[in-house]
Amino acid sequence: MRKLLPTLSLLLLTPVAAASQVELGMDAGLEVARPSEGDTWIHFTVPAPLLRIGFPRERLTFETLLAFQAIHFRDTHAYLALTPGVNLPVGNDGQYFRGEALLTLVSEGNDDFGLGAAFGIKRRIQESPASVRVEIGFNRMFDAEVNRLRLLVGLSTAIGG
């Protein structure tokens, strides 16, 4: 698991070197997680606990979700979730498909890795650099054997370019 962190860091930093425009955003939403054993839990997050940083290109966007939370659940006290992904446009009206990897680092050492996908719609707010987006996604965490379904609503703004 520890070997994945340098690989994911490299994937995150590669687009930064060539970025002429950066998009920063915050997302809030609802997550439903169902472990293979145990209770299903629902996580409603408002205001926006997820930070998003994206590097738009002509036909795709490299984008990462970042979440840090201090919680107390089954002896877990804090975790950091890093979700790098690639957004591919679908159609001409702001729709996109997102493929992603998810790395969670837990203060107790129960780190985990997962894969997922999402579909979203991003619309610019009139002539401003700000955008609003809605996204629905699914992740599978491998070690914890947890399926996660999320619905996010967020705001972002483009800087540069």
Side-chain angles (χ1 to χ4, degrees), residues 1-33 43-71 78-106 111-142 144 146-161:
M1 200 58 63
R2 295 284 180 202
K3 294 177 184 177
L4 291 174
L5 188 57
T7 303
L8 288 175
S9 298
L10 180 63
L11 289 173
L12 290 173
L13 296 176
T14 300
V16 175
S20 62
Q21 185 179 47
V22 175
E23 186 175 310
L24 300 174
M26 294 184 0
D27 296 329
L30 178 69
E31 176 185 26
V32 177
H43 190 204
F44 183 62
T45 55
V46 173
L50 293 171
L51 299 178
R52 181 185 300 266
I53 184 167
F55 305 97
R57 296 290 173 260
E58 191 172 317
R59 291 297 303 156
L60 58 88
T61 299
F62 295 98
E63 192 171 75
T64 298
L65 293 171
L66 176 66
F68 174 78
Q69 294 182 346
I71 59 174
Y79 82 90
L80 173 71
L82 187 64
T83 312
V86 175
N87 296 1
L88 301 169
V90 179
N92 295 322
D93 203 21
Q95 302 95 339
Y96 62 89
F97 173 79
R98 175 180 168 81
E100 60 191 19
L102 175 63
L103 176 65
T104 58
L105 304 172
V106 182
D111 302 342
D112 203 352
F113 177 73
L115 293 175
F119 178 78
I121 298 173
K122 181 174 113 175
R123 299 274 172 84
R124 181 167 274 189
I125 301 173
Q126 295 183 3
E127 298 297 319
S128 73
S131 298
V132 64
R133 74 168 67 214
V134 176
E135 181 179 289
I136 186 165
F138 174 82
N139 292 106
R140 171 68 178 179
M141 302 303 296
F142 296 121
V146 173
N147 293 321
R148 299 170 56 196
L149 181 65
R150 71 172 186 265
L151 175 63
L152 299 177
V153 175
L155 292 173
S156 58
T157 187
I159 300 170

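The analysis underlying the following values was restricted to heavy atoms, covering all of them including side chains, and did not include hydrogens, waters or symmetry mates.
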Distance-only donor-acceptor pairs under 3.5 Å for side chains of residues 84-94, two or more places apart:
| residue | atom | partner | partner atom | Å |
| --- | --- | --- | --- | --- |
| Asn87 | OD1 | Arg98 | NH1 | 3.2 |
| Asn87 | ND2 | Glu63 | OE1 | 2.9 |
| Asp93 | OD2 | Arg123 | NH2 | 2.9 |

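In this structure, the separation between CG on Leu151 and CD1 on Ile136 is 6.0 Å, given to the nearest 0.5 Å. For the atom pair CG of Leu51 and OG of Ser156, the computed distance is 12.0 Å after rounding to the nearest 0.5 Å. The structure places CD of Gln95 at 5.5 Å from CD1 of Ile121, a figure rounded to the nearest 0.5 Å. To the nearest 0.5 Å, atoms CD1 (Ile53) and CG (Leu66) are separated by 9.5 Å. Taking CG from Asp111 and OG1 from Thr104, the interatomic distance works out to 6.5 Å, rounded to the nearest 0.5 Å. For the atom pair Leu60 CG and Phe97 CZ, the distance stands at 13.0 Å (nearest 0.5 Å).
Considering all non-hydrogen atoms of both residues, Phe138 and Asn147 come closest at CZ-OD1, 3.6 Å. Across all their heavy atoms, Ala33 and Val146 have their closest contact at CB-CG1, 3.9 Å. When all heavy atoms of Phe113 and Ala101 are compared, the closest pair comes out as CE1-CB, 4.0 Å. In this structure, Asp27 and Leu155 approach most closely via the heavy-atom pair OD1-N, 4.4 Å. Between Tyr96 and Phe119 the shortest heavy-atom distance is O-CD1, 3.2 Å. Ala144 and Asp112 get closest at one heavy-atom pair: N-OD2, 2.9 Å.
Scored by the salt bridge (charged side-chain N to carboxylate O under 4.0 Å, His left out) test, Glu23 finds Lys122, Arg133 as partners (sequence neighbours excluded). Not counting sequence neighbours, the partners of Arg124 by the side-chain contact (heavy atoms from CB on, under 4.5 Å) test are Ser131.
In this structure, the side chains of Leu65 and Arg150 come closer than 4.5 Å at one or more pairs of heavy atoms.
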